[in-house]
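Report on one structure; see the data block that follows.
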Amino acid sequence: MSGAILILSGPSGAGKSTIIRQAASRIEPYYFSISSTTRDPREGERDGVEYHFLTREAFEAGIEAGDFLEYAEVHGNYYGTSLAPVYKALAEGKLVIFDIDVQGHRLAREAMGDRITSAFITPPSLVELERRLRERSTESEAVIEQRLTNAREEILAIDEFDYVILNDTIEEAVEDFVALSRTARLKVGRRECEALVGRWLGRD
Ligand code: 5GP
């Protein structure tokens, strides 16, 4: 069987990266899609690990060349998912995990909806999100305010997702995420269905 796609969206500070990190050994084989972005690296972030950090010019050249499965402008910067590594990981039978915003989720669904499982991840309330963002405090006040404003918008798209993970305690959120990863692998795309029927009938 070829791989599947699991899209995670939700406000910055929802705990997506922590959840993935803590679940990592239990969801193999997977490929975490490294997005490209024009935003500046945060302290400790490395090019090619958390993101591919690109100039606006390089990003726009990538758009022109059709390199992106989807891209969006978030908080005033471009963010996008390159197609090539996604196809490679899918062909290797991996679960491809995206951490993208709600606009990206919409676009990816249009392109590859039959292979996508999606979840919106959020802390239980806006108040709790704000507390976590301040605790993380790697950002200036203006950036935190922008993220909170964005979160108020993003939560309105929650009903576009297949599942919701309320990240109240990290342990429970990790369990939910592991279960979701298993479920995502059970989704069978159109082309795979045809191949499966062929095999099932003994035609191959
Ligand atoms: P951050 O700057 O906190 O790393 O990410 C900001 C937002 O950009 C998050 O909501 C994250 O999900 C979103 N994001 C990250 N990568 C991508 C991407 O490749 N495409 C889209 N559409 N959004 C992304």
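Every number for a ligand or one of its atoms is a count from 1 in the order of the listing. Since this is a predicted model, take the numbers as computed values, not measurements.
- Residue, atom and distance of the protein heavy atom nearest to atom 20 (N) of ligand 1 are E70 OE2, 2.8 Å.
- Counting only heavy atoms of the protein, atom 23 (N) of ligand 1 lies nearest to D101 N, 3.1 Å.
- Between the choices L107, V74, D99, V102, the shortest heavy-atom distance to atom 15 (C) of ligand 1 belongs to D99.
- By the 6.0 Å contact criterion, CZ on R182 is open, its count of non-hydrogen atoms from other residues, nucleotides or ligands being 12 or less.
- For ligand 1, the polar-atom distance check finds an N/O of S35 within less than 3.5 Å of one of the ligand's N/O atoms.
- Residue I100 is grouped with residue V86 when hydrophobic side chains (ILVMFWY) are merged at heavy-atom distances under 4.5 angstrom, including chains of intermediate members.
- The cationic group of R56 lies under 6.0 Å from the six-membered ring centre of Y78 and within 45° of the ring axis, placing it in a cation-pi geometry.
- Taking the six-membered ring for Trp and the full ring otherwise, the centers of F68 and F59 sit less than 6.0 Å from each other.
- Closest to atom 24 (C) of ligand 1 by heavy atom, among Y71, F98, Y79, F68, is Y79.
- In this structure, R26 pairs ionically with E175, as a charged nitrogen and a carboxylate oxygen lie closer than 4.0 Å.
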ring-ring contact (aromatic ring centres under 6.0 Å, His included) assessment of F32 paired with F98: CA-CA 6 Å; F32 180 73; F98 295 170; 8.8 Å; no
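- For the pair R42 and ligand 1, the shortest N or O to N or O distance falls below 3.5 Å.
- Looking at Q103 against ligand 1, nothing comes within 4.0 Å, counting heavy atoms.
- Below 4.0 Å from some heavy atom of R39 lie the following atoms of ligand 1, by number and element: 1 (P), 2 (O), 4 (O).
- Atoms of ligand 1 found under 4.0 Å from any heavy atom of G104, numbered from 1 in the order shown, are 22 (N).
- In this structure, D176 contributes its side chain and I165 its backbone to no donor-acceptor pair below 3.5 Å.
- Near K16, the atoms of ligand 1 lying under 4.0 angstrom from a non-hydrogen atom of the residue are 12 (O).
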Side-chain atoms of residues 114-124: list all donor-acceptor pairs with protein atoms under 3.5 Å, sequence neighbours left out, distances to 0.1 Å.
unit_1, atom_1, unit_2, atom_2, d
D114, OD2, R190, N, 2.7
R115, NH2, S2, OG, 2.9
R115, NH2, G3, O, 3.3
S118, OG, H105, NE2, 3.1
S118, OG, R109, NH2, 3.1
S118, OG, D162, N, 3.2

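- More than 12 heavy atoms of other residues, nucleotides or ligands sit less than 6.0 Å from atom CD of E141.
- At under 3.5 Å, a nitrogen or oxygen of G80, whether backbone or side chain, sits near a nitrogen or oxygen of ligand 1.
- Residue contacts with ligand 1, taken as heavy atom pairs separated by less than 4.0 Å, do not involve E50 at all.
- The distance criterion of under 3.5 Å between nitrogen or oxygen atoms is met by Y51 with respect to ligand 1.
- For ligand 1, the atoms closer than 4.0 angstrom to any heavy atom of A72 are 22 (N).
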